[in-house]
Amino acid sequence: MRPYLAILSARYRMLLQYRAAALAGITTQFFWGFIRIMILGAFYAASDVDPPMAFAAVVTYVWLGQALLGMLPWNLEPEIEAMVREGNVAFELVRPVDLYSLWYMRTLALRTASTSLRAVPIVLLAGFVLPWTPLADWALAAPAGLAAAGLWMLATVVAMALGCALTMLVHVSLMWTISGDGLSRVVPSLVSVFSGMVVPLPLFPDVLQPLLHALPFRGLVDVPLRIWAGHLEGAEAWTALGGAALWALALVALGRFLLARGCRRLVVQGG
Amino acid sequence: MSQIVVEDLVKTYRVAERRPGLGGAIRGLVRREHRTVRALDGVDFRIEPGELVGYVGPNGAGKSTTIKILSGILVPDSGRCEVLGHVPWRDRVRYVSGIGVVFGQRTQLWWDLPVIESFDLLSAIYRVEPERYRRSRDELVSRLALEPLLDIPVRQLSLGQRMRCDLAASLLHEPPLLFLDEPSIGLDAVSKLAVRDFIRELNETRGVTVILTTHDMDDIEALCRRVIVIGRGTILTDGTLDDLRARTRGERRLILDLVEDEPVSDRDAEVVSRSGTRVELRFDPARVTATELISRLTARHAVRDLFVENPPIEEVIARLYADEDREA
């Protein structure tokens, strides 16, 4: 484990240095959160049917989503991208470590660094500052209970594992496409719609629900956030959590398989 | 037992080809044409522990491909390859913890980290025990004079400084075998000498086996007892430097510094070049001995100074390449 932990901590520390990007991210996410709450609020105000989720739960869902955006597979680890393009993958292979695990650790560093830089300020602002302003209705609520909080932590770990496994698939695809521009633009759009990042999943039409449940993306946002808000609990929560964990394992296995194939056909650019 | 055994190694690449122009680009959208390039076409050699071998050849001859197969990065199409008792690509993780690799054109250090942190990280990756790591690091730091560089981020180092750090990085885990792929590329004279001295010392005092690819024939002449020449994926020659010279027909050079600028000619020698009063002649020692030629020329011309030497190794190798091209 020592090599992998060393890479994780070194890369994490390195990525924490991008302060300007983090500040820009916090600001964007904060305002984006307001916009989403206002839009959803307008829908709620205009709707005359019984909503599948209380407005307060939706607000919490939105804020947590904004805070934990960094966990989603929305970008690639810049060093892996550069390595594949410039042929430095060769160097990764002369090291006595498993390539998939090594890259997974780099990905985990990327996800945890961008999450920890953004999550704390957004939670502080939305959870502790907003309640004291006239916008108290738009504030992030505490977890639904102690059990919900514990389960949420577990769900967040699973979501992180899932997010990294998805990011890894895009990384592995680089071995075929060299440039990551294609998939790395398609995947985030898919993810943000199907994970619940754009609109909370319970608000989707009923016909789409089976599809949303079957896809892997729900474990990224929808499951942990609804657990926090108390909207998903008991056996239903455990089932959702188990499904997400299975998806994470399956995607890791797929990524491993593809990476091994990619390495076999490796042509190091430049002879 | 040989440390490296390579038998009949073959590696081909499939390269996508595109016809020139817009028409070609459009056709490429529908059907890709592929061409097979044989990078290695039956390469054989054995290397014993403690050898310092120069592996030379023109661009595209298959040098880097060989090194990449030997270091476990590429998988060959066929042939046998065993290094330190391992098949490199099959047992990669265990195998590579026993070798060191330096690619001159790339760095294995972390661009944004200070040198010392890259070293620490590598020691964790190679699972070197802290006590052993401190010892080998301190030794490398003092031998390569890295002390003033340790706290500088790698991106701020000059090429020569970076190469010294890369050398140290590849040796922190004290491998018995070191692959150096063009370690002197782009280095200035001082750095080149420092790197060369270090490699020689490493080989002589620590007994590390070194395989060195380079285009710099001075490196070869200064370091290597044995030279393997590769061209178009096959081994052209494999032997000592002297063997290599002997292969290109017995040929010597006589260099004369004349007192006056006058034409020189002899029936057994050919003028290769002249600049001012310096004349360089080529002769075949089987046809005329050096003493005979010298006495004949000194009788006819006033000579201030003269010396006899072997043709430079670049020319020897260039001629091997040219012979190979003619046969092809």
Side-chain angles (χ1 to χ4, degrees), chain A residues 1-19 21 77-103 105-106 109-110 113 175-178 256 259-271, chain B residues 11-16 37 39 59-75 88-89 91-103 105-113 117-118 120-130 153 166 169-170 173 175 179 181:
Chain A
M1 262 334 257
R2 182 168 159 225
Y4 304 105
L5 292 179
I7 287 279
L8 175 64
S9 103
R11 201 59 198 131
Y12 179 78
R13 276 177 287 142
M14 223 179 304
L15 287 164
L16 276 190
Q17 291 168 10
Y18 296 125
R19 281 179 306 186
E77 152 55 348
E79 282 196 359
I80 294 181
E81 245 185 310
M83 235 183 296
V84 176
R85 198 176 43 245
E86 291 154 20
N88 282 338
V89 184
F91 254 124
E92 299 281 270
L93 289 174
V94 301
R95 296 195 165 131
V97 283
D98 173 62
L99 186 61
Y100 187 89
S101 311
L102 181 67
W103 281 11
M105 284 301 164
R106 285 172 163 280
L110 173 76
M175 312 261 299
W176 278 267
T177 58
I178 307 295
R256 277 191 167 283
L259 185 61
R261 296 209 38 180
C263 281
R264 231 172 299 142
R265 63 183 288 287
L266 186 69
V267 175
V268 180
Q269 307 251 317
Chain B
K11 173 78 188 174
T12 55
Y13 296 118
R14 252 161 73 85
V15 186
V37 178
N59 289 324
K63 284 184 315 250
S64 288
T65 302
T66 314
I67 297 291
K68 280 167 188 150
I69 290 174
L70 287 178
S71 49
I73 297 167
L74 290 181
V75 182
W89 59 91
D91 203 7
R92 185 182 64 80
V93 171
R94 210 134 46 93
Y95 165 68
V96 296
S97 58
I99 62 167
V101 186
V102 175
F103 290 104
Q105 313 202 43
R106 316 222 147 120
T107 182
Q108 57 176 322
L109 304 166
W110 279 263
W111 212 238
D112 299 310
L113 287 184
E117 283 190 39
S118 275
D120 290 347
L121 203 47
L122 282 169
S123 84
I125 288 177
Y126 282 88
R127 302 173 171 90
V128 185
E129 298 135 39
D166 255 311
S170 69
H173 56 297
F179 295 102
D181 194 10

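Just so it is clear: chains get the letters A, B, ... in the order the sequence lines come, proteins before strands, and each one is counted from 1. Please read all numbers here as calculations on a predicted model, not as lab measurements.
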Practice task
Select one option (side chain, backbone, both, neither) describing which atoms of Q17(A) are under 4.5 Å from chain B's heavy atoms.
Solution key: neither
Exercise for the section: Measure distances from I7(A) to the heavy atoms of chain B and classify the residue's part below 4.5 Å as side chain, backbone, both or neither. Expected result: both
Can you tell which of [options] has the highest number of heavy-atom pairs within less than 4.5 Å of chain A?
| options | value |
| --- | --- |
| V37(B), V128(B), N59(B) | V128(B) |
| T107(B), I99(B), D120(B) | T107(B) |
| G98(B), S123(B), P88(B), G72(B) | S123(B) |

Minimum heavy-atom distance between [X] and [Y], given as atom pair plus value:
| X | Y | value |
| --- | --- | --- |
| P96(A) | I125(B) | CG-O, 3.7 Å |
| A124(B) | P3(A) | O-CG, 3.5 Å |
| V93(B) | V97(A) | CG2-O, 3.7 Å |
| E92(A) | R92(B) | O-NH1, 4.1 Å |

Handout entry: From L121(B) atom CG to R11(A) atom CZ, the distance as rounded to the nearest 0.5 Å
Key = 10.5 Å
Exercise for the section: Hey, could you give me the CE/CZ distance between M83(A) and R106(B), rounded to the nearest 0.5 Å? Expected result: 12.0 Å
Problem - Within 6.0 Å of CZ in R94(B), more than 12 heavy atoms from elsewhere - result: no
Problem - Proximity breakdown for W110(B) and chain A, heavy-atom pairs closer than 4.5 Å - result: side chain
Problem - Side chain / backbone / both / neither for F179(B) at chain A, heavy atoms under 4.5 Å - result: neither
Handout entry: L93(A) and its side chain to side chain contact (heavy atoms under 4.5 Å, CB included) partner, picked from L74(B), V101(B), I73(B)
Key = I73(B)
Practice task
For the pair R13(A) and E117(B), evaluate side chain to side chain contact (heavy atoms under 4.5 Å, CB included) and give the outcome as yes or no after the intermediate values.
Solution key: CA-CA 12 Å; R13(A) 276 177 287 142; E117(B) 283 190 39; 3.7 Å; yes
